[in-house]
Amino acid sequence: MTESEKYKIVIDGLIICYELWFQYLRFTVSLLAPPPTSKPPVATECFTVNFTVTNLVYRPQMADPTSRTFRSTQLLFVKLMGQILNTSKIGPDLINCSLSTLRPVNKGKNTGVNSVCCYRRNPTAALFDRVNIYHKFRNETNGFTKMKNYNLDPNSFFVNDYHEELPQTTVSPTSKPSVATECFTLNFTTNNLKHRTQMSIPKSKLFNSTERLFSKLLGDILKNSDIGPDFINCSLSTLRPVNQ
C-alpha cells in the first residue's frame, strides 16, 4: 500500500464491512459478527391460593393494602405459604407469594385470604399441576384445618379455582341438628331524644349506652311475642339525625 491508501470500517447490524481503497482498485470484504451469547428468557407463571381463616377477626384496615394491618398479615401468611410451597414440586422455581385481598367472612368474624404465587417456568420441568399443589396444602395443613396457629375452613380452600368437596359427615341420632338464625329490622324515630355527633360512632360510649337502653326496651316487648321463646337479642345498627 502507498500513502494514498485509505481505510474505512462500516458496521451495520451484525455485518462488519471492510472497504479498502487503493489508488486504482477497490476491494470489499464482509464478515459476519459472532452472535451474542445470551440465555433464553425465563417465563414467569402465577396461580391463586384462596382460603378462610376462622380465628382471625376481620378489621376494616385490612381492606387497605397500604395499611400496617394488611402488610403485617401479608408477611405472616406469605411466610407460611412459602414454607409449604418450598418443599413442593415447584419449590426450586418458586419466586414469591403476595396477598391480593383480605375480605370479611361471616360478617367479619372470619377473614378470607386471596393470594397469588408466582414461579419461574422451567422449560425442562413438568407442567404446573394445581391438583398436586392442592394436595400438598391439604397434607401440610391437616386437611385444610390448621396453618400454624391459625384455624382454616376446610371447605374454603382453592388452588387456581380447583377445589374438592369434603365428604359429608353423618349426623348421629343423639346429636342435634344445627339451628338456623334469622333476623329482621325495626326502625323508628324518638322525638324527645336529641341526636348528638357521638351517636354516629358505634364504638362511642354514647352509642353503647343508647344501644343498651333500647335493646332492653325492645327485648321486653319481643319476649312476650310469638317469637319470645326463640328470641336471641336486639342490637342497634345506626343512630341517625332527624329533623335537623
Side-chain angles (χ1 to χ4, degrees), residues 39-171 177-183:
K39 295 181 179 179
V42 179
T44 300
E45 293 187 0
C46 302
F47 59 95
T48 58
V49 179
N50 302 330
F51 53 91
T52 297
V53 185
T54 58
N55 63 338
L56 178 63
V57 178
Y58 182 84
R59 299 179 182 178
Q61 298 90 332
M62 291 179 173
D64 182 7
T66 62
S67 67
R68 290 184 179 180
T69 304
F70 184 96
R71 285 182 290 181
S72 62
T73 307
Q74 178 170 236
L75 288 174
L76 172 67
F77 285 104
V78 164
K79 179 181 178 183
L80 294 177
M81 289 189 293
Q83 290 173 349
I84 295 174
L85 291 172
N86 281 331
T87 58
S88 68
K89 287 185 176 180
I90 66 169
D93 299 312
L94 179 69
I95 299 174
N96 64 2
C97 292
S98 62
L99 301 193
S100 54
T101 54
L102 292 170
R103 49 191 167 77
V105 179
N106 294 332
K107 297 181 179 180
K109 295 179 181 178
N110 313 137
T111 299
V113 177
N114 292 354
S115 65
V116 177
C117 299
C118 299
Y119 65 98
R120 289 177 290 272
R121 181 71 178 90
N122 191 335
T124 60
L127 293 176
F128 174 75
D129 186 353
R130 63 179 182 173
V131 178
N132 177 271
I133 299 299
Y134 180 89
H135 291 165
K136 175 66 176 178
F137 272 103
R138 182 185 63 187
N139 296 336
E140 297 291 338
T141 58
N142 193 25
F144 303 124
T145 60
K146 201 80 171 174
M147 188 179 286
K148 288 294 182 180
N149 298 327
Y150 293 94
N151 300 329
L152 308 179
D153 177 3
N155 285 310
S156 69
F157 218 97
F158 289 79
V159 173
N160 246 18
D161 296 328
Y162 179 80
H163 174 74
E164 295 177 3
E165 289 293 336
L166 297 177
Q168 297 292 331
T169 56
T170 56
V171 180
S178 58
V179 179
T181 302
E182 294 187 359
C183 303

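No side-chain heavy atom of E45 sits less than 4.5 Å from a side-chain heavy atom of C118. Side-chain contact between N86 and L94 is present, with heavy atoms from C-beta onward closer than 4.5 Å. Looking at heavy atoms from C-beta onward, V116 lies out of side-chain contact with V49 at the 4.5 angstrom threshold. The shortest side-chain heavy-atom distance between L127 and R121 falls under the 4.5 Å cut-off. Side-chain contact between L152 and T145: absent, with no pair of heavy atoms (C-beta onward) separated by less than 4.5 Å. Contact annotation: the side chain of F77 approaches that of L80 to within less than 4.5 Å [non-hydrogen atoms, C-beta and beyond]. T48 is not listed as a side-chain neighbour of V159, based on a closest heavy-atom distance of 4.5 Å or more.
The structure places CG of L76 at 4.5 Å from OH of Y150, a figure rounded to the nearest 0.5 Å. For the atom pair M147 CE and L56 CG, the distance stands at 12.0 Å (nearest 0.5 Å). The CD1 atom of I90 sits 10.5 Å away from atom CG of D129, with the distance rounded to the nearest 0.5 Å. Distance OG1/T141 to CD1/I84: 6.0 Å, rounded to 0.5 Å. Here S88 contributes atom OG and I133 contributes atom CD1; the two are 4.0 Å apart, rounded to the nearest 0.5 Å.
When atom types are taken as modelled, the side chain of S67 and the backbone of Q61 share a donor-acceptor pair closer than 3.5 angstrom. Using a distance-only test at 3.5 Å, with no hydrogens or angles considered, a donor-acceptor pair links the side chain of Q74 to the main chain of L99. In terms of modelled atom types and a separation under 3.5 Å, the side chain of N160 and the main chain of Y162 share no donor-acceptor contact.
Atom NZ of K146 has more than 12 heavy atoms from other residues, nucleotides or ligands within 6.0 Å. Shown here is R103, whose CZ atom has more than 12 heavy atoms of other residues, nucleotides or ligands within 6.0 Å.
If you look at F144 and F158, their ring centroids are not closer than 6.0 Å. Between F51 and F137, the distance from one ring center to the other does not fall under 6.0 angstrom.
Salt-bridge annotation for E164 and R138: present, with a side-chain N of the basic residue lying under 4.0 Å from a carboxylate O of the acidic one.
One side chain, T87 or K136, offers a donor N or O that lies under 3.5 Å from an acceptor on the other. For the 3.5 Å distance criterion, the side chains of T101 and N114 qualify, holding a donor opposite an acceptor.
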#### Entry: Chi angles and distances behind the side-chain contact (heavy atoms from CB on, under 4.5 Å) call for V105, T111
CA-CA 5 Å; V105 179; T111 299; over 6 Å; no

### Task
I would like to know whether E140 and Q83 meet side-chain contact (heavy atoms from CB on, under 4.5 Å); could you show each step before the answer?
CA-CA 10 Å; E140 297 291 338; Q83 290 173 349; over 6 Å; no

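Nearest heavy-atom pair across V53 and N110 is O-CB, 3.3 Å. Here the closest non-hydrogen pair linking L102 and M62 is CB-O, 3.8 Å. Across all non-hydrogen atoms, the minimal contact from P154 to H163 is O-CE1, 4.2 Å. The two atoms that bring S98 and V78 nearest to each other are CA-CG2, 4.0 Å, heavy atoms only. Closest approach of S115 to N50, counting heavy atoms only: N-OD1, 3.4 Å. Heavy-atom minimum distance, C97 versus M81: CB-CE, 4.2 Å.
Sulfur-to-sulfur, C46 and C117 sit at least 2.5 Å apart at their SG atoms.
Here ring-ring contact (aromatic ring centres under 6.0 Å, His included) pairs that include residues 103-132, with residues two or more places apart or in two chains, are F47-F128, Y119-F128.
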